[in-house]
Asks: 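Right, I'll just put the structure down here and ask away after.
Hydrogens, waters and symmetry mates play no part in the numbers below; they use all other heavy atoms, side chains included. In this chain, residues are counted from 1 in sequence order. Quick caveat, the model's predicted, so the values are computed rather than measured.
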Amino acid sequence: MNKPTENGFATAIKMVSGKWKLDIICELGATPRRFGRLRQSIPTISEKMLTQQLRDLEADGLVNRKVHPGSPAKVVYSLTEIGSTLCAEAEGLCRWGEQLRCSGQPE
């Protein structure tokens, strides 16, 4: 069986696939956050899932993880430049979805 051709859309979907990744990106788009604050801003996500999604986003180059020395260490998550551009583009997709939802289109 032939492998489907990669394209920009498929690449983008792979990078944001996961129930929480866009939520995390939108939250970090507002301001860099520590893990606890990020967890509070998305109350229905588990700590385990937040940790995994942050690791995936970091591995894909969308999120920075900066460790500040201290006891305990202070870890701050922020968007990379690429992550920031994704956040801006995701806003357009959100507006498009809102228009569909408000027009009575099936979800």
Side-chain angles (χ1 to χ4, degrees):
M1 185 153 134
N2 291 339
K3 183 177 177 180
T5 304
E6 284 290 320
N7 59 46
F9 184 75
T11 300
I13 293 299
K14 281 182 189 177
M15 292 180 85
V16 297
S17 66
K19 183 175 180 179
W20 303 106
K21 287 184 180 176
L22 284 177
D23 292 286
I24 294 167
I25 289 168
C26 289
E27 288 297 327
L28 293 177
T31 186
R33 305 249 171 113
R34 291 179 68 178
F35 184 89
R37 289 284 186 197
L38 191 54
R39 172 82 169 80
Q40 287 175 346
S41 65
I42 311 171
T44 53
I45 192 172
S46 69
E47 285 189 26
K48 179 181 176 184
M49 183 56 66
L50 179 56
T51 299
Q52 182 59 53
Q53 298 285 274
L54 284 167
R55 285 180 184 158
D56 290 349
L57 290 166
E58 186 180 6
D60 287 338
L62 300 174
V63 169
N64 277 325
R65 179 181 185 269
K66 184 170 184 179
V67 180
H68 299 274
S71 181
K74 178 181 172 185
V75 179
V76 177
Y77 294 93
S78 61
L79 293 180
T80 62
E81 188 175 327
I82 295 169
S84 294
T85 60
L86 173 60
C87 187
E89 297 300 327
E91 288 175 8
L93 185 59
C94 290
R95 283 191 303 276
W96 178 76
E98 275 298 308
Q99 289 173 348
L100 286 177
R101 188 179 63 77
C102 292
S103 70
Q105 293 290 323
E107 293 182 19

Asks: Do you know which two heavy atoms are closest between Arg39 and Ser46, and how far apart they sit?
Replies: NE-C, 4.0 Å
Asks: If you define the side chain from C-beta out and look only at heavy atoms, does anything of Leu79 sit under 4.5 Å from Asn64?
Replies: no
Asks: For a 4.5 angstrom cut-off between non-hydrogen side-chain atoms, does Ile45 reach Asp23?
Replies: no
Asks: According to a hydrophobic-cluster definition based on side-chain heavy atoms being under 4.5 Å apart (Ile, Leu, Val, Met, Phe, Trp, Tyr only), do Ile24 and Ile82 belong together?
Replies: yes
Asks: How far does OG of Ser78 sit from CG of Leu62, to the nearest 0.5 angstrom?
Replies: 11.5 Å
Asks: Side chains of Lys21 and Leu57: does their closest heavy-atom pair fall under 4.5 Å?
Replies: yes
Asks: Mind checking side-chain contact (heavy atoms from CB on, under 4.5 Å) for Val76 and listing every partner two or more places apart, or none if nothing turns up?
Replies: Pro32, Arg34, His68, Lys74
Asks: Which pair of non-hydrogen atoms, one from Leu22 and one from Ala90, has the smallest distance, and what is that distance?
Replies: CD2-CB, 4.3 Å
Asks: When you measure from the side chain of Asn7 to the backbone N and O of Phe9, does any donor-acceptor pair fall under 3.5 Å?
Replies: yes
Asks: Could you state the interatomic distance from CG (Asp56) to CD (Glu58), rounded to the nearest 0.5 Å?
Replies: 10.0 Å
Asks: Does anything in residues 82-98 pair up under salt bridge (charged side-chain N to carboxylate O under 4.0 Å, His left out), and if so which pairs, sequence neighbours excluded?
Replies: Glu98-Arg101
Asks: Please round to the nearest 0.5 Å and tell me the distance separating atom OG of Ser103 and atom CG of Leu100.
Replies: 5.5 Å
Asks: Between the side chain of Arg33 and the main-chain N/O of Tyr77, is any donor-acceptor distance below 3.5 Å?
Replies: no
Asks: Group every Ile, Leu, Val, Met, Phe, Trp and Tyr by side-chain heavy-atom contacts under 4.5 Å, then state whether Met49 and Met15 land in the same group.
Replies: yes
Asks: Minimum heavy-atom separation for Ile25 and Gly83, please, with both atom names.
Replies: CG2-O, 4.2 Å
Asks: Heavy atoms, side chains only, cut-off 4.5 Å: are Phe35 and Leu50 in contact?
Replies: yes
